Amino acid sequence: MRIARFAARRLLQAVPVLLGVIVVTFVLVRVLPGDPIRTILGPNATEADAAAARARYGLDQPLWRQFLDYVGGLFSGDLGTSIQSGASVASEMAVRVGPTMELVVLAVVIATLLATVLGIWSARRAGRAGDHTLRVLALVGNSLPEFWLGLVLILLAYSVLGWVPAPSGRVDPDTDLTLITGADLLDAALTGNGPAFASAAGHLVLPVLTMVVVIVAPLLRSVRASALEVLGSEAYQAAAAHGLSERTLLRGYLTRAALVRLPALAALVFGFAIGSTVLVEYVFSWQGFGQWALRGLLYRDYPVVQASVVVIALCYTLIFLIADVVHAVLDPRVRI
Amino acid sequence: MSLLDIRDLRVTIGDVQALKGVDLTVGRGEVVGLVGESGGGKSMIARSIVGLLPGAARATGEVLFDGADVLTMDAAALAAHRGGGAAICFQNPRGALSPTRSIGRQLTDRLTTHQGVAAAEARTAAVALFESVGIRSAARRFDHYPHELSGGQAQRVMISLATGCAPGLLIADEPTTGLDVTLTREILRRFREAADEEGRGVLLISHDLASIARVCDRLVVLNAGAVVEHGPAADVLAAPADPYTRALLAAVPDVTRPVARTAATPGGEVVRIEDAHVVYGSRFGSGGHHALRGVSLTVRAGETVGVVGESGSGKSTLARLMLGLITPSRGTVTLAGREPSRLRGRELRDLRRRAQLVFQDPIGSLSPRRTVADAVAEPLRAAGVKAPERARRVTAALERMGLDGTYATRRPHELSGGQAQRVGIARALAGEPDLVVFDEPTSALDVTVQAQILKVIGEVTAERGRGSVFISHDLATVRGVCDRVVVLYLGRIVEEGPVEEVFARPRHPYTKALLAAAPTLAGRADGAGVSLTKDPEEAVPGAGCALAPRCPYAEDACRAEEQELRTLGPVRVACRRAHELPDPPDREGPER
């Protein structure tokens, strides 16, 4: 109940944040040098052609008028029309967000679970060979550029070993997958399409693995450091001095206490992961949100840039809300 | 055969010999007090009994528990011995309870591990055990977390956790540090009961000889890692053989001992509080905690006022009020002739420098990254004193506290508790304030150090130009340094008067009870004097006198009408029956 009230309050607080983001992006994309009309019309278009195109996209209106039109559209769910493709931004984005979220959410969840298990394992063996090896490996993974790692993984797992499907597309088109959310794995599960599920999972293995390797290190370090702190704490020592079994100590006195600081960091890592998908998507020909937003920015496609920034801001707000709730659940001292 | 038999235990850590051949026995049903100053090796003994010595430590000798040597036990035997054989009640129970597990679960973990209680029945058993150590509404408390407990409750939970392991030997490491007199008494009684009723051996570790003396059968005095004296408690107290024991005993301030203090002639008013109410609002507006309910108090220059009361009586709130750190929701506070609540910015900061605080935790109240000279110079820097002048005054302030120039460049971790508190006092005095508030300045220190610091405070408070306030739940120290004493109960002053008068002839039932609970070396029989009938948490004050639900003398009229402070002889008392209540027995009168 208290958590629901907290979530409602935080969502209300997000409204002014999102409004601010909308205003700032609206102004910023127009202040940046470059003209979307000139980029689509090419060098041979006449001044009259350009003016006509401008009028078609409403770019001849004064700035405040364009802004009001845009905000008015947002309230009715209209995110505008892409200057580049002429299609509705909302419908273009709908097929783009799913695949990227699928990638990022899976990567962050797997990395967090991995970091929890390995971090605590590592802390309990602090200073021994296993601990050192793990930390060095995590550091190496963190230092690799994701596009290079992606290419190496493709070379190994696809070209040499042939364990995974070719890095093109996200699901085998022969499986007749019905699109619902755009996230193929989820759609396959929802429609009960077994072959599509297997195919989508196969296509996900390498891109998710690439991201996990890159983002797991900071999470692992955090869990290990917290766990070491808990192991050295008076409270843990006291429980150990009362002769509780290793299992009880691990489950009741170490894990939860060590995870208290993880949610906030995981939320940050999630934000970072959204940014780093652009390269991963490129390497794996993943028709995702990052690619689409990048192209929008390169061509000064105002509605696309605005929509993508608002979506990312919304993601951040939601993720940090979730992180705060999880933190409050883990740590009884936190009041929300 | 004794339950615990330590023979010639020597522990070295690196080059330091922490224990130099300790012999100690504890039998079943026996309470043994292990006394000594911090750093003397007391905790090292406790740790070696449960086989938890630090990794770098090397131990020789024997720690025989039921005939088996703990030092040579294998992992499995040790696991059974910890908790089941010997269980420690840790010092600082709040820190020793796991913050992310409910206290009920922490207890059921012990019950299922050591007593083989089935998971389904563990909850019932845990609630019963909580009740037996005096935790009210235990069923509701079961799901609470340690941060929701008060200090006394946390200590009770710690005891229940240790007894929940069903140990043969219960070890209590400084179990009463930071607890007020009534709680100390109650907690120590629990350990006596554990020995008498459950037949456990109990090892009470403390630096405070006075507080544990009356529940112990035998005392063992430890100095610098060696036992200097041991014997039946009464013998050790009556005829201490070793000079160290005598020094320990001499350092204990005794509440029954009248202290000759030259009566100061009070000067002008330093701080005046009139009918102050303080309400701490809860986070969502409704309710709130009424910490002070109409307190009036004046402190004059050259005067030292003691403030005593149980935890939660509003002592610290009163201190913060005097320092201008909080604004009363009703009433006024006048500091050096001005009202802090009416000032802003620079003027307020200037006024705040007129009042300084000496903290309870001497080391924690110094920044670990700054040198001693830096810390002491802080109020001067705030006052805009130039660097050369500042350096001169810092040196002077430190010298007055008996700290020579070599201390100026040290950092807090290089100081002992007593030295750190001297630095804290030097810092408070550096800016030459009109008012110094001492908030339990000695409760974190060893008795011998306590005596030295109290002497320093006595000198400081004797100075004419300044008013002092001394807050403490330790009545004996108040008697030593104060001219006047104010007794607080639930945010109200219940008795006020000259310190000798109040201590020798307490009029209010609450004052009587506090004094009766205060530890003494005289070995006065328990139960003499007044004892309050309930815990403060349980007693919900009604319309009348706030103490009525706990007061043995309460009548219907007490419960109906609120009590005002009335002059009664040399003191003022808020009790309508004060004039007719009997004097407590076994109290010496002041020397006349």
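Keep in mind it's a predicted model, so treat the numbers as computed, not measured. To find a chain, count down the sequence lines: A is the first, B the second, and so on, and within it residues start at 1. Basis for what follows: all heavy atoms, side chains included, without hydrogens, waters or symmetry-related copies.
Contact detail for A/Gln237 and B/Leu52: the closest heavy-atom pair is O-CD1, 4.2 Å. In terms of heavy atoms, B/Ala96 sits closest to A/Ala238 at O-CB, 3.5 Å. Listed here is the closest heavy atom pair of B/Pro99 and A/Pro332: O-CG, 3.2 Å. For the pair B/Thr100 and A/Ala257, the tightest heavy-atom approach, listed with the atom from each and the gap, is OG1-CB, 3.5 Å. When all heavy atoms of B/Arg82 and A/Ala240 are compared, the pair lying nearest together is CD-O, 3.7 Å.
For the set B/Arg110, B/Gln106, B/Met158, the count of heavy-atom pairs under 4.5 angstrom toward chain A peaks at B/Arg110. Contacts with chain A were tallied for B/His114, B/Arg47, B/Arg105; B/His114 has the most, counting heavy-atom pairs under 4.5 Å.
Neither the backbone nor the side chain of B/Leu78 has a heavy atom closer than 4.5 Å to any heavy atom of chain A. Residue B/Gln91 touches chain A through its backbone alone, counting heavy-atom pairs closer than 4.5 Å. Residue A/Val230: no heavy atom, backbone or side chain, is found under 4.5 Å from chain B. Within the 4.5 angstrom heavy-atom criterion, no atom of B/Ala80 approaches chain A. Both the backbone and the side chain of B/Ala87 come within less than 4.5 Å of a heavy atom in chain A. Within the 4.5 angstrom heavy-atom criterion, no atom of B/His81 approaches chain A. Contact annotation for B/Arg94: neither backbone nor side-chain heavy atoms come within less than 4.5 Å of a heavy atom of chain A.
One finds the CG atom of A/Leu244 at 8.0 Å from the OG1 atom of B/Thr112 (value rounded to the nearest 0.5 Å). Put simply, CG on B/Asp109 and NE2 on A/His242 are 12.0 Å apart, with the number rounded to the nearest 0.5 Å. Between atom CZ of residue B/Phe90 and atom CD of residue A/Glu234 there is a gap of 7.5 Å, rounded to the nearest 0.5 Å.
Because its NZ or CZ atom is both nearer than 6.0 Å to the ring centre of A/Tyr253 and within 45° of the ring axis, B/Arg101 counts as a cation-pi partner of that residue.
Few gaps surround CZ on A/Arg125; more than 12 heavy atoms of other groups in view lie less than 6.0 Å from it. Around atom CZ of A/Arg10, more than 12 heavy atoms belonging to other residues, nucleotides or ligands sit under 6.0 Å away. B/Arg123 CZ: more than 12 foreign heavy atoms inside a 6.0 Å radius.
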